Structures are given as C-alpha cells and as structure tokens.
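The next block holds one structure in the form of structure tokens; read it before the comments.
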Amino acid sequence: MSIVRKIVEALRNAKPWKILAFACVLSGITVTAGGMGLTSMFLAPHTVAERSGPSTETKTVDFTEFLKLLDEGKFKTVEFSTTRLVAEDAKGDEFVLNHDRRFSGESFPQELARRGITVKFPDLNRSSVGDYVLAGVQIGIQILLLLVFVCIGGFLFMNAKRFVNPSWPTVARNVGVRFSDVAGQEESKFELEEIKTFLLNPEAYERSGAKPPRGVLLVGPPGTGKTLLAEALAGETGVSFINTSGSEFANMFVGTGRDRVEKLFKKARKSAPCIIFIDEIDSLARARGGSNSDVSREQDTTLNQLLTEMNGFGKREGVIVVGATNRIDVLDPAVLRPGRFDRHVYMGLPNLGDRRKILDVHIKGKELAKDVDLDVVARGAPGFSGADIENIVNEAATYAARDGRVELTAKDFSEARDKVFMGAKRSTAILDDFEKRLTAYHEAGHAVVATLTKGTDPVHQATIIPRAQSLGHVMQLPEKEWKAVPMSRLLARLDVMVAGRMAEERIFGASEITTGAASDIEEATKTATAMVTVYGMSEKIGMRKVQHTERGYGEVAESEIDRLIADACERARRLLDERGAALEAVAQALIDRETLTGPEIKALVEA
Ligand code: ADP
Ligand code: ZN
C-alpha cells in the first residue's frame, strides 16, 4: 500500500470530529507560528542596530540647533522616521530631532542629499517604543489565539472520543443480568422465550427449517426496563451483547451513519451469537422520505443499511436485533415487516404489585427500619417507572447516609418519593402568611372533600410545603389498580379536583381566587372531556366518540363537559358549606404543622 493510499485510507476511516479537532489545533499552531515570526521581525533590529557602538552618544536637538549643525557640515547620514530625524556625525554620535511629520515631504531630504549627506528612510530595521508595544500586544494576541484553538481542539477531541471510539461498538460478554433481575414484566419475558430458545440453539432452527427470529421491538415509556430486559436476554442465553442507541447513528456527517450500521453488524457477526440492542430506535428508523433535505437523505441511507443488514442475516449467524422505542407509530413501516422487527413486546408502567417487586429488587443489600412498609411505598408511586422506583430507593439511602444512619426509615422513603415526584424541596420558596393561609385552605378543601366523598382513593397526605411546581398538594393512594374505572369514581375525582378552588372561594371571596388552581383545572378539564368524548358518559352524547375539529368538540359535547365540571363545583361547594368546621380544622392544622397524614385528616374531619 503506497503512503498516499495509506493517508487517504486513514482519513476515510477517521471520523470527521477527529479530523476537525486536529485541523483546529494545526491551524492554531500555524497561525501562532506565523504571527510569532512576523513579530520577531519587529523585535529583532533594535538589539542590533541601536544598541551597538560602545562609545557613541545620543543627543536630542531642536530645529534651530539642527539647522546650525547641518550648516556646519557635521552630519554624515540622516535617517527619517515618522516622528523624528536621526542624524549621525562622523564619530557615530546621534542627534535626534523630534518633529511632527512635516519632513515627510520631498524637498527637505533632497536638500540634505544635495549637501552630500546619506539620507535613509524608515524601514523595519528601526524600532520605536510604539513598535515594542505593538509587538507585545501581538504576542499577547497570538498566545490567546493559540489557547483558544487548543481549547476548541481539545473540546472537539474529547467529544470525538465519545463518537469515535475506535473499538466502537463495545461487545459485552458474560452479561450478569438475569430475567429474575427484571421484576414484573412477566408477559414480556414470556414473549422473549422464543428468542431465548433460538439463541440457545440456533442449529435446531436450521435443522427444522424454521424461520429464525431477527428483530424484536420493545415498546414502552422510558425507564420501564427495556434495556434491562435485553441485557437479561443476553445474560440468560450467554450470548454477547452490544448496547447502542439510535442517536449514535443520527445527526452524523454524510455517510457515517451508514458506515456505522455496517461496522455494527460486522462486529456482531464476529461475536455471534450476539444481541444488538438499539435504544431509541425511532431516531434511526423514522419513516423515510419525509423531505428531500440532506438530513433526511442521510437518515434514509442509514435506515436502508439497517434493513439490508437485517435481510442479509444468514440462518446460522445467530444475531438478534432488539430495538427499544416509545414511539412505534413513527417508525418506518418497512422496519416492522416480517424478517425485520416483526416481534413486538409491550412494556407498560408497572402496576402496584410489580412496583412492590421492583422495590424488592433494589432494596437488596440495604437495611430497613421497622417503620418502613414497602407496600405503602409502592402504593405511593402510582405511574412511576422502574427507573423512578430505583431512584426512590437511592434517594432514601442518600438521606440515611447524610444522617450517618445505616437503616432507611419510612421518612427517608417518603421524602425520597416526594423528591423524585416533584423535584427537590424549594428551600428558597417560603410562603408569606397570606399565601400559606390560602394554600392551607385550598389543600384542606381537596382533603376534606376527598375524605368525605365515596368512591375516591383514601387521602395519604396533605402538605403546604412548596415543591418545584406546586405550593402544596394532597396525595391520594389507590387501594387497588383500577383497570376499568367506573363513572362514579370519575365524578368523585372531579369533585376532589375542583374542591381546592371552591374552598378558596368560600373563605376569601369570589374575587380573591388565585392562579394556584391551574393544574386542578387542567386535570378536571381532561377528565370531563374524556368522559364525554371518549367514554360515552354523558346523556346528550351517549355512546359516541367525539372527534376534536377546528371548531372544538362541537356545541353539544362542550356544553356537556361544562355541565360535568359545573356539577362537580356545585357538589363540592355544598359539601364544604355543610362541613365548614372540618375545612376550618384541617386548614388550621395545616397552617400549624404543614403536613398531615391521612388518618390525622380523617380524625379532624370526624371530630
Ligand atoms: P428503559 O430502557 O426502558 O428506558 P432501563 O432498562 O434503562 O429502562 O431502566 C433503567 C433502570 O431502572 C434499570 O437499570 C433498573 O435498575 C430499573 N428498572 C426498570 N425497570 C425495572 C424492573 N422491571 N425491575 C427492576 N429494575 C427495573
Ligand atoms: Zn389544588
């Protein structure tokens, strides 16, 4: 291989980031070196020309004196510069005449020359104080430039490492994760059994002529354990595992996405049997031909390469691609066709029982205080993903560690839960007295109506300690997971949602209501709208789905939505009228203690 070909080859293989980084550093050095060179030309002469001649003198003269000396024929040479004349006599003594540039005309030098004096004009061989300053500034700028270039180059280089790991993709062998590490998700595990069989014994597939599986799509929200499950599949079958993400193929320079797909599969085949996991596969496999832009053409070639590689799987290669996404709807239909990602496994958010199991997994090796009830923790995390639950355990352990404790307490867990749910306690957001009172009545309204309304989840806690997005909140815990929710429960939920505002109105007057109810209003609107347009729970619309158009849901549906909310307000208002004393008691207790538990609230309401 000739040297030129070697260089071309190296450039082709090197990733653009790397080249850019090098170019930056190189140009930085070049510019700096060039500048230094120029600068030294300015700096060099004064050491030679001016400081030489041991016994000569320099004397500044005025114009009269200058003319006198000139007439005496004393000068041998006269050198002009922008701000002064320097005349030299036979001994080498210098006479300096400072001037204001009037000698730059022609007649004076000519006059001198006519008298037989050597006339010199300024060149770079003579430096003035200005030159030194200029040179200093230039060196400064050069150094600064070099630093900037080095920084940019270094930054690119560091980032380049992320993209340009020469050993990319990394192959993991002997993965330690097992199905038992994935709590819940029983159906998903069951659906992966076939893939497991194949990976354990690909030859059996070949012998029987069965079509080997090629791709599995794990579909579900973030943090539900898709990566974990794919790893467990590798662990269970003892095959190698390559963990990639769709974003590693997207937004690259032309051709690099395609090259990477090629490289990925080459490596997988070498390491077969092997699982290729591609997280966020939607960023790689979006529907093609969206537009004719460079970016979309680039994406198309990358996706085409993926499909080609998957088509090309020989029977015995033993490579399985597991893709993960939350957006199966945006994927290119070609991706879902037989022989590609034709197996789809849905990974939902964990239900109560599964949340409990996930807690068990992550609690391992940690000590719990006696007051910790993991069932309560699990119930307190509705809608949380597996990753969120892991996060709660980690946060709780952090709180304990901060206090120098080994055991995690119930308080650690409840604070951890709140933190994960709403972001850290806003220590700066301290309510003033009015806000505190208002929030207390608002939350007390929710709490009282929730406690007194049949068919709502029991109140777990009410608080007026402000968090990231809210001034306070009332938390209800479902006793069970509702798969089909009865209308009566939705109506009761509406009553509780609007109760905060109803309490504000009752205590502070209709004109003093606040913006604090915005998220309640949003929730109530969502619920009422779904009841009317999706669930067929209104008289006038009945069992009909109502589509949203430019004109909204239409007059009838919207008046039904309004009615549902207005009725809820009416019921909540009436209840708070009847139980004004309970509202008062709970609000007062909140002002005093900031946080109340469900049983405490119940006791106050029933008193
Ligand atoms: P996804 O790939 O779906 O976004 P991950 O697999 O990355 O989710 O999950 C992140 C972390 O959350 C996992 O490493 C694991 O610790 C925890 N986790 C998620 N789901 C579960 C589960 N079902 N059982 C145990 N841990 C889980
Ligand atoms: Zn509210």
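Values below: every heavy atom of this structure, side chains too, minus hydrogens, waters and symmetry copies. It should be emphasised that the depicted structure is a prediction, and the values quoted were computed from it without experimental measurement. In each ligand, atom 1 is the first atom listed, and ligand 1 is the first ligand listed.
Look at Gly184 and you'll find every heavy atom at least 4.0 Å from all atoms of ligand 1. The shell of residues lying under 4.0 angstrom from ligand 1, judged by heavy atoms, excludes Ala324.
When the Zn ion (ligand 2) is compared with the N/O/S atoms of His446, atom NE2 turns out nearest. Shortest distance from the Zn ion (ligand 2) to Asp520 is reached at OD2 (N/O/S atoms only).
Remark: Arg489 pairs with Asp457 by the side-chain hydrogen bond (donor to acceptor under 3.5 Å, both in side chains) rule, at least two apart or across chains.
Judged by distance alone, the side chains of His446 and Asp520 do bring a donor and an acceptor atom under 3.5 Å apart.
Ring geometry, Phe277 versus Phe241: the interplanar angle falls under 30°, so the pair is classed parallel (tilted spans 30 to 60°).
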Checking Thr595 against Thr463 for the side-chain hydrogen bond (donor to acceptor under 3.5 Å, both in side chains) test, could you report, in this order, the C-alpha distance in whole Å, the side-chain angles of both residues, the deciding distance, and whether it holds? CA-CA 4 Å; Thr595 302; Thr463 179; 3.1 Å; yes

Given Asp360 and Lys364, is the salt bridge (charged side-chain N to carboxylate O under 4.0 Å, His left out) satisfied, shown in steps? CA-CA 6 Å; Asp360 283 336; Lys364 251 178 231 154; over 6 Å; no

In sequence, state the C-alpha distance, the side-chain angles, and the governing distance for Thr514 and Glu504, and then conclude on side-chain hydrogen bond (donor to acceptor under 3.5 Å, both in side chains).
CA-CA 8 Å; Thr514 68; Glu504 283 183 45; 3.0 Å; yes

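When the options Thr224, Val182, Leu228, Leu218 are ranked by their closest heavy atom to atom 27 (C) of ligand 1, first place goes to Leu228.
Among protein heavy atoms, the minimum distance from atom 23 (N) of ligand 1 is reached at Ala183 O, 2.8 Å. Scanning the protein heavy atoms around atom 18 (N) of ligand 1, the nearest turns out to be Gly386 C, 3.7 Å. Closest to atom 10 (C) of ligand 1, if we only count protein heavy atoms, is Ala387 CB, 3.9 Å. Scanning the protein heavy atoms around atom 2 (O) of ligand 1, the nearest turns out to be Thr227 OG1, 2.5 Å. Closest to atom 19 (C) of ligand 1 among all protein heavy atoms lies Gly223 O, 3.3 Å. Ranking protein heavy atoms by distance to atom 15 (C) of ligand 1, first place goes to Glu390 OE1, 3.6 Å.
Considering backbone and side-chain N/O atoms, Lys226 comes within less than 3.5 Å of an N/O atom of ligand 1. Checked against a 3.5 angstrom limit, the closest N/O atoms of Gly225 and ligand 1 fall inside it.
Close approach of ligand 1 to Asp181 is summarised as follows: ligand atoms under 4.0 Å from at least one heavy atom of the residue are 24 (N), 25 (C). Listed by number with element, the atoms of ligand 1 under 4.0 Å from a non-hydrogen atom of Pro222 are 4 (O). Ligand 1 places these atoms under 4.0 Å from at least one heavy atom of Ile358: 22 (C), 23 (N), 24 (N), 25 (C).
Heavy atoms of His362 found under 4.0 angstrom from ligand 1 belong exclusively to the side chain.
Considering all non-hydrogen atoms of both residues, Ala528 and Leu564 come closest at O-CD1, 3.8 Å.
Within the coordination shell of the Zn ion (ligand 2), defined by N, O or S atoms under 2.8 Å, His473 is absent.
Counting heavy atoms from C-beta on, the side chains of Leu374 and Leu368 come closer than 4.5 Å. Residues Val321 and Arg214 form no side-chain contact, since every pair of their non-hydrogen atoms from C-beta on lies 4.5 Å or further apart.
Around atom NZ of Lys411, no more than 12 heavy atoms belonging to other residues, nucleotides or ligands sit under 6.0 Å away.
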Distance-only donor-acceptor pairs under 3.5 Å for side chains of residues 182-191, two or more places apart:
from	atom 1	to	atom 2	distance (Å)
Gln185	OE1	Ser188	OG	3.4
Gln185	NE2	Thr224	O	3.3
Gln185	NE2	Gly348	O	3.2
Lys189	NZ	Phe179	O	3.1
Lys189	NZ	Val182	O	2.7
Lys189	NZ	Gly184	O	3.4

